[in-house]
Structures are given as C-alpha cells and as structure tokens.
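Just below is one structure, and these are the notes that go with it.
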Amino acid sequence: QVHLVESGGGLVQPGGSLRLSCVASGFSIRSYGMRWYRQAPGKERERVASIGVAGYINYVDFVKGRFTISRDDAKNTVYLQMNSLKPEDTAVYYCNREPIVAWGQGTQVTVSS
C-alpha cells in the first residue's frame with residue numbers, strides 16, 4: 001500500500017528557513033519522479049518543485065533561488081529546503097510522485113511575524 005508522510009512544517013518568521021521531509025512507503029522513489037506541491041487557504045493546489053529519476057530539477061518561478069528539492073533514494077525520502085520564507089509561502093505542503101497516487105496529510109507551513 002502506497003503512503004506518503006510529510007513532516008517538518010511549522011511556524012517561522014519571514015526570512016526564516018524550514019526543511020520538509022516526505023517519506024514514501026509501498027514503492028521505491030528511485031523509480032519515480034517526485035514533486036512537492038502546496039495549497040494555501042482558498043486556493044488550488046499548485047506544484048512547487050520537481051525532481052526526476054535522473055535528477056533533473058525544476059522549480060516554479062516564485063520559489064526559484066529560495067527552495068531546494070532533493071532526494072535520498074536509500075531512505076526513500078524527498079526533501080524540500082525552504083529559505084528566505086515569505087508570508088505568501090504559507091500553505092499546506094504535500095509531496096507526490098509522477099504519476100500521482102493518494103495524497104498524504106501534508107505539513108502546515110506558516111510564515112508570520
């Protein structure tokens with residue numbers, strides 16, 4: 001059974017940093033591209049960053065230079081390092097693979113002073 005468990009969120013001041021983790025079970029992430037998404041209150045879920053099987057990485061414009069996606073295939077875990085956080089980064093953050101499977105519970109990130 002496929003599971004995705006996100007963690008690492010919290011309350012941080014503007015300009016701060018957080019590192020999110022996503023532990024996958026039921027499949028090996030080394031065989032799939034992985035993505036981080038986020039959903040802010042009242043908004044659609046949106047893709048934030050992607051990392052392919054071969055390591056190709058892509059970011060949406062509003063996080064370029066601030067967020068870094070990485071993967072540890074041995075730990076079956078994907079990470080999202082978030083620096084220079086802004087209030088508009090406040091959202092629930094989720095990970096998923098390509099193609100998408102059942103969503104995890106996500107992890108709340110709140111950026112506020």
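If you read the sequence from its start, that first residue is 1, and numbering goes on from there. Side chains are part of it too, since the values below use all heavy atoms of this structure and drop only hydrogens, waters and symmetry mates.
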Cluster question for you: counting only ILVMFWY and a side-chain heavy-atom cut-off of under 4.5 Å, with indirect links fine, are Trp36 and Val2 together? yes
Assigning hydrophobic clusters by single linkage (Ile, Leu, Val, Met, Phe, Trp, Tyr; side-chain heavy-atom cutoff under 4.5 Å), is Val23 placed with Phe27? no
Nearest 0.5 Å please: distance from the CD1 atom of Ile57 over to the CE atom of Met34. 13.5 Å
Donor-acceptor side-chain pairing of Asn83 and Ser17 below 3.5 angstrom: yes
Any Ile51 side-chain heavy atom under 4.5 Å of Tyr56 side chain: no
How long is the span from the CD atom in Glu88 to the CZ atom in Arg38, to the nearest 0.5 Å? 8.0 Å
Rounded to the nearest 0.5 Å, what's the gap from OG1 on Thr68 to CZ on Arg19? Could you check? 10.5 Å
So salt bridge (charged side-chain N to carboxylate O under 4.0 Å, His left out) across residues 98-113, not counting sequence neighbours, yields Arg35-Glu98
Any side-chain donor paired with an acceptor under 3.5 Å for Arg30 and Asn76? no
So do the side chains of Pro87 and Ser112 get within less than 4.5 Å of each other, counting heavy atoms only? no
Using atom types as modelled and distance alone, determine if a side-chain donor or acceptor of Thr77 lies under 3.5 Å from a backbone N or O of Lys75. yes
Assess whether side-chain contact (heavy atoms from CB on, under 4.5 Å) is satisfied between His3 and Gln1, documenting all intermediate values. CA-CA 7 Å; His3 284 293; Gln1 195 170 6; 3.9 Å; yes
Audit row: Asp72, Ile29, side-chain contact (heavy atoms from CB on, under 4.5 Å) steps and yes/no: CA-CA 9 Å; Asp72 186 332; Ile29 68 167; over 6 Å; no
With a 4.0 Å cut-off, would you call Lys64 and Asp61 a salt bridge? yes
Test item: Ser50 and Ile69 side chains (from C-beta on) under 4.5 Å apart, heavy atoms: no
Once rounded to the nearest 0.5 Å, what's the spacing between atom CG of Leu80 and atom OH of Tyr59? 7.5 Å
Yes or no on side-chain contact (heavy atoms from CB on, under 4.5 Å) for Phe67 and Leu85, after CA distance, side-chain angles and deciding distance? CA-CA 9 Å; Phe67 291 10; Leu85 283 162; 3.9 Å; yes
I'd like to know if the side chain of Arg71 reaches the main chain of Gly52, judged simply by a donor and an acceptor atom lying under 3.5 Å from each other, with no hydrogens or angles considered. yes
Are Tyr93 and Met82 close enough that some pair of their side-chain heavy atoms sits under 4.5 Å apart? yes
Residues that, via side-chain heavy atoms closer than 4.5 angstrom, fall in one hydrophobic cluster with Val92: Tyr37, Tyr94, Ile100, Trp103
May I ask you to decide if Val111's main-chain N or O and Thr90's side chain share a donor-acceptor pair within less than 3.5 Å? yes
Note: Cys22 and Leu4 closest approach over all heavy atoms is SG-CD2, 4.0 Å
Pi-cation contact, Tyr32 with Arg97 (under 6.0 Å, within 45°): yes
Polar side-chain atom of Glu6 near backbone of Cys95 as donor-acceptor pair, under 3.5 Å: yes
With distance as the sole test, does Thr110 use its side chain to make a donor-acceptor pair with the main-chain N or O of Leu11 at under 3.5 Å? no
Verify same cluster id: Tyr79, Val53 (apolar side-chain graph, 4.5 Å): no
Given side chains that start at C-beta, do those of Val5 and Gln105 come closer than 4.5 Å, heavy atoms only? yes
